[in-house]
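Heavy atoms only: backbone and side chains are in, while hydrogens, waters and symmetry mates are out. Numbers here simply count residues along the sequence, with the first being 1.
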Amino acid sequence: MNQVTSTGGTPIRILIVGGGCAGMSAALRLQQTLRPRLRAGQAEITVVEPQPYLTYHPLLAEVAAGSIDPRHVVVPLRRVLPDCRVMTARVTRIEHATRRVWVDAAPRGERGVPTELPYDLLVVAPGSVSRTAPIPGLAEHGMGFGSVGEAVALRNHVLEQLDLASSTRDPALRQSALTFVFVGAGYAGVGALAELEDMARYAAKGYHNLTAEDLRWVLVEATGRILPEESPELAAHTLAELRDRSVDVRLSTTLDSAVDQVMVLSDGSRFAARTLVWTAGVRPAPLLRDTDLPLDVTGRVRCLPTLQVLGPDGDPLPGVWAAGDCAAVPDPAALTAATAYCAPNAQHALAQARLLAENLAAALDSRPQTPYRPERLDCSTSLGLRRGVAHTRSGGQLTGRRAWWLHRARHLRRLPSFDRRVRVLADWVLAGLFNREVVSLGAVEHPRSEFEAGFPPQ
């Protein structure tokens, strides 16, 4: 292995594309491991991320339910990475052959002139985006569930539908407002639906003409089971609990159309719904298409077990590593070709990021690199207050209150900031002492509406 060294007094330039779970965790570990080099000017780390913070996605369902303040599941990058240079910008192109990337720092929704940024070592961790489908009406009426903004907007939207249903005299509008459709029954979809159903059930007590039985929740899943990451037994338990709560779970069913807020399902069902939430998986970040890095058929960067990017000749591509949702990392425990690579989830992203940083540091010192050997996944999800399902590392299964406590303890430990752990814990304690806050703040999504209303019509 060739040692990577600085020449002519120039520091080694390490560029990390992406500041999500994998990117920020890799930067944090590199900042700790290379601190002497960083402070001596022998190395520099640059993190490029469109948002100035990391979003901890496993807790978004509790943000939507109001159990956690939205600000407490985001980790400001500059605060936790004081020895790194953080650029709030979008990477538009990667040309590893010449060790250059192009970044655009223009505000969201605008397009600026990309700036060239050279590097010596590259970490690719831009994460993923929602995997959408060309379904009529989905783009116009669907909502995603991959960011803090979407979680808060969904909470406000659900509460606004209760207000609408309570106030209208139109029975068709009332029924449409009280129908909530979620497409995709992975952890994100099941957790979001269960938390919001629990919140809405509580909120309905505050209306004189609404009951929890008036609300209709529909979960649409294209495959024959929910929670594919879990064991069949735990998935079956979760399915039974959702149905006990009157959730209409449609397995082996797809959404065919959502035109005019009328849901048309592949099983022939047709009904109106003003709420459509799309949680049907993710796909690698689109920017990977504008690189010269080798991609697999799904668009993920092909990697070796050491997290080095796999070159066209089967050897490591010099100077580049990848981790997280965008990386196709071999899973040595895979039983089938369909599971030959690690699943895109936060648990893999955090573990891969730590190993990536150690392997990059090993490359700087000409030491051997270590292959990624994932531990048994200890997946879990909350199904509302004091309800959950969890898989333990020993292979055991928990349900109910014990699973809910374990789920919270796991994610509190994994939050990559002590400050955020304390704040989230405080949110949970306060939520246990006081009643839920079930007020919609939808007006904050349109802050100029009241100001604009003060102008006379032209």
Side-chain angles (χ1 to χ4, degrees), residues 60-70 141-143 145 148-183 189-220 241-250 258 260-263 269-279 382-388 404 427-428 430-447 449-450 453:
L60 285 183
E62 295 200 50
V63 170
S67 299
I68 301 176
D69 188 301
H141 306 297
M143 303 177 68
F145 195 72
V148 170
E150 288 176 327
V152 173
L154 180 56
R155 169 183 167 79
N156 290 330
H157 174 80
V158 168
L159 294 175
E160 286 172 353
Q161 300 314 299
L162 301 187
D163 291 336
L164 174 61
S166 176
S167 304
T168 185
R169 295 184 178 181
D170 183 343
L173 179 59
R174 174 187 167 95
Q175 184 176 8
S176 175
L178 295 180
T179 302
F180 308 92
V181 179
F182 286 68
V183 179
V190 170
L193 182 149
E195 286 282 356
L196 284 163
E197 188 273 341
D198 192 57
M199 179 203 71
R201 179 182 293 271
Y202 176 85
K205 297 176 183 178
Y207 296 86
H208 71 284
N209 58 349
L210 287 183
T211 67
E213 289 68 30
D214 294 328
L215 279 62
R216 181 186 182 189
W217 299 83
V218 183
L219 179 60
V220 180
E241 174 162 337
L242 291 176
R243 284 177 168 164
D244 285 344
R245 291 160 63 174
S246 299
V247 177
D248 183 2
V249 182
R250 308 287 185 94
D260 297 329
Q261 297 183 324
V262 174
M263 306 297 123
S269 301
R270 183 186 180 93
F271 54 88
R274 291 176 56 86
T275 304
L276 171 61
V277 185
W278 184 266
T279 60
S382 172
L383 298 177
L385 284 177
R386 302 175 187 87
R387 288 180 285 192
W404 181 72
D427 286 341
W428 285 337
L430 292 173
L433 295 175
F434 301 100
N435 293 330
R436 283 180 182 265
E437 291 287 353
V438 287
V439 177
S440 170
L441 296 178
V444 302
E445 299 169 30
H446 309 283
S449 59
E450 292 295 328

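- Looking only at distances, no side-chain donor or acceptor of R201 sits under 3.5 Å from a matching main-chain atom of L215.
- Looking at S166 and D163, their side chains never bring a donor and an acceptor atom within 3.5 Å of each other.
- Side-chain atoms of L210 and L178, non-hydrogen and from C-beta on, do get closer than 4.5 Å to each other.
- Looking at heavy atoms from C-beta onward, L193 lies out of side-chain contact with V277 at the 4.5 angstrom threshold.
- The closest side-chain heavy-atom distance from L383 to R245 is below 4.5 Å.
- Looking at every heavy atom in both residues, A204 comes nearest to A212 through CB-N, 4.1 Å.
- When all heavy atoms of A194 and S382 are compared, the closest pair comes out as CB-O, 4.4 Å.
- Inspection of the E213 and S246 side chains reveals no N or O donor paired with an N or O acceptor under 3.5 Å.
- Between T275 and T179, the closest side-chain pair of non-hydrogen atoms is not below 4.5 Å.
- When every heavy atom of M263 is checked against every heavy atom of A258, the shortest pair comes out as CE-CB, 3.9 Å.
- Comment: R386 does not engage D198 in a salt bridge, judged by the lack of any side-chain N to carboxylate O separation of less than 4.0 angstrom.
- Closest heavy-atom contact between A431 and S67: CB-O, 4.5 Å.
- Two residues are said to be in side-chain contact when any heavy atoms from C-beta on lie closer than 4.5 Å; R174 and N209 meet this criterion.
- Proximity of W404 to R387: side-chain heavy atoms (C-beta onward) are nowhere separated by under 4.5 Å.
- Under a 3.5 Å cut-off, the side chain of N156 and the backbone N or O of A153 do not form any donor-acceptor pair.
- Around atom CG of D260, no more than 12 heavy atoms belonging to other residues, nucleotides or ligands sit under 6.0 Å away.
- Using a 4.5 Å cut-off on side-chain heavy atoms (C-beta onward), F182 and L196 make contact.
- Atoms CZ and CZ, from F271 and R216 in turn, are 4.5 Å apart once rounded to the nearest 0.5 Å.
- Considering CG of L159 and CG of L162, their distance stands at 6.0 Å, rounded to 0.5 Å.
- Residues R270 and V262 approach most closely at CG-CG1, 3.8 Å, considering heavy atoms.
- Considering CZ of R155 and CD of E195, their distance stands at 11.0 Å, rounded to 0.5 Å.
- With hydrogens and angles disregarded, no donor-acceptor distance shorter than 3.5 Å links the side chain of R250 to the backbone of V218.
- Within 6.0 Å of CD on Q175 lie no more than 12 heavy atoms contributed by other residues, nucleotides or ligands.
- In terms of modelled atom types and a separation under 3.5 Å, the side chain of T279 and the main chain of V183 share a donor-acceptor contact.
- Checking each of V249, L219, D248 against R243 for a side chain to side chain contact (heavy atoms under 4.5 Å, CB included) leaves exactly one that passes, namely V249.
- With rounding to the nearest 0.5 angstrom, the CG atom of L276 is 9.0 Å from the NE2 atom of H141.
- You'll find the side chain of L242 stays beyond 4.5 Å of the side chain of W217, heavy atoms only.
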task: Before giving the answer on side chain to side chain contact (heavy atoms under 4.5 Å, CB included), spell out for E197 and F180 the whole-Å C-alpha distance, their side-chain angles and the decisive distance to 0.1 Å.
output: CA-CA 9 Å; E197 188 273 341; F180 308 92; over 6 Å; no
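- Proximity of a side-chain donor or acceptor of H157 to a complementary backbone N or O of R274 within less than 3.5 Å is detected.
- One distance of note links CG of L430 with CD of E437; it measures 10.5 Å at 0.5 Å rounding.
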